[in-house]
Amino acid sequence: MADWDLLLSDANIATMAANAPGYGEISDAALAVRDGRIAWVGNREELPDGDATRTLSLEGRWLTPALIDCHTHLVFGGDRSAEFEQRLEGASYEDIAKAGGGIMSTVRATRTMSADELFATALPRVQALAAEGVATIEIKSGYGLDVDNEIKMLEVARRLGDASAIDIRATLLAAHTVPAEYKGKADDYVDLVCEELLPAVAARELADAVDAYCESIAFTAPQIARVFRKAAELGLPVKLHADQLSDGGGAELAASFDALSADHLEYTSAAGVMAMAQSGAVAVLLPGAFLTLGETQRPPIDELRGQGVPLAVASDCNPGTSPMCSLRNAMMLASRLFRLTPLECLAGTTREAARALGLADDRGTLEIGKRADIAAWDVDHPRELAYWIGTPQLAELLLAD
Ligand code: NIG
Ligand code: FE
């Protein structure tokens, strides 16, 4: 039996290992894979003797960990281009939501679609991300907002994972907004989520995590605390849409529940940043939503950096606030709008994105033992991945299984 299933040679490698300086660059490198895991990585001259079932010369290309999109809502019905026009004519996201549009209009469209129709419209979005080098995608529910339709969305997410080589992580986002039939009775809806929906989802193992939207147009901190307590009881990790449009203490709330991540964070206070630093929550930055909503207040990047909060970057692919099915564009926007360095953009879509999904030990860097999801790029240096705009550079996406 061969020592390795695959040997990659004649490569330049950015390991993105946390303890290595910069990109963890290794020139004239080799990488060996066995059983879907990285068995060896380093300078070719130090490669131990061994034989491989398959050898691939990279002809000097750069290898990085395959990209990870740790925040998407890419299963949905319809689109919100009419609201996009309304916003450009002066209406705000909150005004549209209060008038029954916004997330609720996507809920109406999603409820009318069958699982097969949702699957058929979402699959090209998964494929578009894979074509950019993305091997792991998180997908949230949150446009069903009743037991059957939230389960339908999560089942579609699971099917997308089964039908493609991409690893899909499904997140229950039942506390996304109060559905029309519960208008004025948000607490009753939270009862339904805690007493019926969460147990049903956990019993079917349909979700890997639980998310919620903490905002004046969505749910209050006490309501979300109830959802998070139930998630903890069922053994599910939590994460939060926090402080996107106002400071609702979302970062502090997420930290107090040891959330994997707090996402958006435009209005997070210094106290919120401190709380995240202490809890170890990842800050997931979503520049596509910032851009689309015409926000002017940036997340407190300097404070997050200063406190050592890990920074991830995601597409937030959704029809309302981030109609962008591209993680490369999210990296590009994070560098331009939030002034993340190209190194932070790549770490934010590999190592820190893995951490935001609770997968830090499993993937996101090219180190021995990690899952062998590897992207090969036609670039002269990995900093180019945040630099070029709309330029395809993926040579090959090698997947662990
Ligand atoms: O991440 N903030 C709330 N959730 C989504 C938007 C969803 C929508 O508007 O449909 C977000 O921006
Ligand atoms: Fe989101």
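Atoms within a ligand are numbered from 1 in the order they appear, just like the ligands themselves. Small disclaimer: the values here were computed from a predicted structure and weren't measured.
In this structure, Tyr189 contributes its side chain and Ala174 its backbone to a donor-acceptor pair below 3.5 Å. When atom types are taken as modelled, the side chain of Thr292 and the backbone of Thr321 share a donor-acceptor pair closer than 3.5 angstrom. Asp5 contributes no side-chain N or O that, together with a main-chain N or O of Thr53, makes up a donor-acceptor pair within less than 3.5 Å. Proximity of a side-chain donor or acceptor of Asp69 to a complementary backbone N or O of Ala314 within less than 3.5 Å is not detected. The backbone N or O of Pro323 lies less than 3.5 Å from no partner atom in the side chain of Arg80, so there is not a single donor-acceptor pair. The main-chain N or O of Gly248 is found under 3.5 Å from a side-chain atom of Asp243 such that the two form a donor-acceptor pair. Distance alone, capped at 3.5 Å, is enough to place a donor-acceptor pair between the Ser322 side chain and the Ser315 backbone.
Nearest non-hydrogen protein atom to atom 12 (O) of ligand 1 is Thr321 OG1, 2.6 Å. Looking only at heavy atoms of the protein, atom 2 (N) of ligand 1 is closest to Gln244 OE1, 2.8 Å. Distance from atom 10 (O) of ligand 1 to its nearest protein heavy atom, with residue and atom name: Tyr143 OH, 2.7 Å. Protein heavy atom at the shortest distance from atom 11 (C) of ligand 1 is Asp316 OD2, 3.2 Å.
The aromatic rings of His71 and His241 sit perpendicular to each other, their planes meeting at more than 60°, with 30° as the lower class boundary.
Among the atoms of His264, no N, O or S atom falls under 2.8 Å of the Fe ion (ligand 2).
The atom of His71 that is an N, O or S and sits closest to the Fe ion (ligand 2) is NE2. The N, O or S atom of Asp316 lying closest to the Fe ion (ligand 2) is OD1. Distances from the Fe ion (ligand 2) to the N/O/S atoms of His241 are shortest for NE2.
If you number the atoms of ligand 1 from 1 as listed, the ones under 4.0 Å from a heavy atom of His71 come out as 1 (O). Atoms of ligand 1 found under 4.0 Å from any heavy atom of His264, numbered from 1 in the order shown, are 1 (O), 2 (N), 11 (C), 12 (O). Those atoms of ligand 1 that come under 4.0 Å of a heavy atom in His176, given as number and element, are 3 (C), 4 (N), 5 (C), 7 (C). Close approach to Ile103 involves these atoms of ligand 1, each under 4.0 Å from a residue heavy atom: 7 (C), 8 (C), 9 (O), 10 (O). Per-residue contacts place Arg80 under 4.0 angstrom from the following atoms of ligand 1 (heavy atoms of the residue considered): 8 (C), 9 (O), 10 (O).
A donor-acceptor contact closer than 3.5 angstrom links the side chains of Ser326 and Glu132.
Within the 4.0 Å heavy-atom cutoff, Thr106 does not count among the residues contacting ligand 1.
The proximity of Tyr93 to ligand 1, defined as any non-hydrogen pair under 4.0 Å, is limited to the side chain. With a 4.0 Å cut-off on non-hydrogen atoms, Glu215 does not touch ligand 1 at all.
Ion pairing between Arg371 and Asp373 holds under the 4.0 Å rule for side-chain N and carboxylate O.
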